[in-house]
J.: 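First the structure, which I've put down as structure tokens, then a few questions once you've had a look.
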Amino acid sequence: GPALALRSVSHAYSRTPALREVSLTVEPGEVVAVTGPSGCGKSTLLHVAAGLLVPQAGSVDLLGTDLHDLDETARAVLRRRGVGIVLQYGQLVPDMTLEDNVALPLLLDGGDLAASRTAARDALARVGLEQAGQAVPEELSGGQAQRAAIARALITSPRLLLADEPVASLDAVAAADALDLMLAVARRDGGAVVLVTHDNLVAATADREVRLREGRVERETVLR
Ligand code: ADP
Ligand code: ADP
């Protein structure tokens with residue numbers, strides 16, 4: 001089944017409607033770019049996709065489970081094990097080594113310290129940071145920090161990778177590099193990727209672009 005299926009999802013904060021009858025299906029191995037102007041509902045859609053927000057109307061099937069059937073604890077477990085999240089500025093923990101930053105999702109899920117650190121070293125090697133495991137985030141360039149954040153998001157082998165403006169803080173070379181790493185998840189490992197971006201070049205790397213406007217799907221374009 002699909003990695004993510006929103007069916008006629010609507011959500012409003014106090015009075016502001018943020019999503020209006022949005023339907024969206026993302027299949028395993030597919031990369032979907034969500035675009036649209038500021039305030040159109042992109043972040044809200046990502047929160048829904050992560051199971052962080054259960055919408056007021058419509059249904060959300062996340063990794064084969066209807067979110068309405070899960071309580072908050074079960075949603076957190078599903079998110080920790082099945083969903084990877086990358087944000088614009090990486091959001092590494094400043095006082096922790098890169099190795100421990102990347103190991104964190106495993107440790108939070110009850111993983112053994114030594115085994116989690118070994119997995120973190122492997123993940124860092126996959127993003128070209130094998131030498132940087134003992135560095136702290138402030139010693140890294142923006143591009144390196146973002147690659148470490150991607151390694152952290154991928155360490156649980158998530159079936160769904162959610163990225164909110166993941167390369168917006170990077171120069172063109174570092175951005176292309178970080179984007180390649182995320183797209184490899186889908187193209188090589190069969191995970192689904194949802195990429196929120198305002199950048200047309202980034203959106204053009206997706207399989208499909210879903211453009212939101214005032215909380216509705218305005219346009220859907222198949223790109224490849
Ligand atoms: P985008 O990510 O596209 O900028 P958002 O999903 O952040 O859009 O916001 C959609 C709408 O919902 C906007 O009108 C925004 O102001 C509103 N909104 C978002 N989060 C909140 C919140 N926590 N409380 C109230 N309104 C919110
Ligand atoms: P993004 O850049 O991802 O669209 P925003 O800057 O719109 O993020 O929002 C940042 C945070 O503020 C989010 O947690 C969002 O839910 C919240 N937020 C956005 N709009 C409003 C609003 N009108 N009232 C209260 N909180 C908001």
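In this text, all values refer to a predicted model and were calculated from it rather than measured experimentally. Every number for a ligand or one of its atoms is a count from 1 in the order of the listing. Position 1 is the first residue of the sequence, and the numbers go up from there.
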J.: For the backbone of V202 and the side chain of T197, can you confirm whether one donor and one acceptor N or O come within less than 3.5 Å of each other?
T.: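 Answer holds: no.
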J.: Does a donor on one side chain sit under 3.5 Å from an acceptor on the other, for E209 and T35?
T.: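 Yes - a donor-acceptor pair under 3.5 Å links their side chains.
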J.: Would you call S38 a ligand 1 contact, heavy-atom distance under 4.0 Å?
T.: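 For ligand 1, residue contact (heavy atoms, under 4.0 Å) with S38 is present.
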J.: Can you tell me how far the CG atom of D199 sits from the CG atom of L179, to the nearest 0.5 Å?
T.: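 If we round to the nearest 0.5 Å, D199:CG and L179:CG are 9.0 Å apart.
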J.: Below 4.0 angstrom from a heavy atom of Y13, which ligand 1 atoms are there? Numbered from 1 as shown, please.
T.: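 So the atoms of ligand 1 that pass are 12 (O), 17 (C), 18 (N), 19 (C), 20 (N), 21 (C), 22 (C), 23 (N), 24 (N), 25 (C), 26 (N), 27 (C).
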J.: Say whether, by atom type as modelled, one donor and one acceptor occur between the side chain of D109 and the main chain of P105 under 3.5 angstrom.
T.: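 Side chain of D109 to backbone of P105, a donor-acceptor pair under 3.5 Å: no, none is there.
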J.: Heavy atom of G41 under 4.0 Å from ligand 1?
T.: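 Yes, that is the case, since the closest heavy atom of the residue is under 4.0 Å from the ligand.
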J.: Which atoms of ligand 1 sit under 4.0 Å from any heavy atom of S43?
T.: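 The list of qualifying atoms is 1 (P), 2 (O), 6 (O), 7 (O).
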J.: One residue to check: T44. Relative to ligand 1, which of side chain, backbone, both or neither has a non-hydrogen atom less than 4.0 Å away?
T.: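 Both parts.
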J.: How long is the straight-line distance from OG1 of T25 back to CD of E30, given to the nearest 0.5 Å?
T.: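 The OG1 atom of T25 is 9.0 Å from CD of E30, to the nearest 0.5 Å.
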J.: For ligand 1, which atoms, with element, lie under 4.0 Å from some heavy atom of T16?
T.: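 Near T16, the atoms of ligand 1 are 14 (O).
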J.: Have a look at ligand 1 and work out which part of P37, if any, has a heavy atom under 4.0 Å from it: side chain, backbone, both or neither.
T.: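 For P37, only backbone atoms sit under 4.0 Å from ligand 1.
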J.: Charged N to carboxylate O below 4.0 Å: is that the case for R20 and E214?
T.: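 Answer for the salt bridge query: no.
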J.: Give the numbers and elements of all ligand 1 atoms closer than 4.0 Å to a heavy atom of A18.
T.: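 Atoms satisfying the 4.0 Å criterion: 10 (C), 11 (C), 12 (O).
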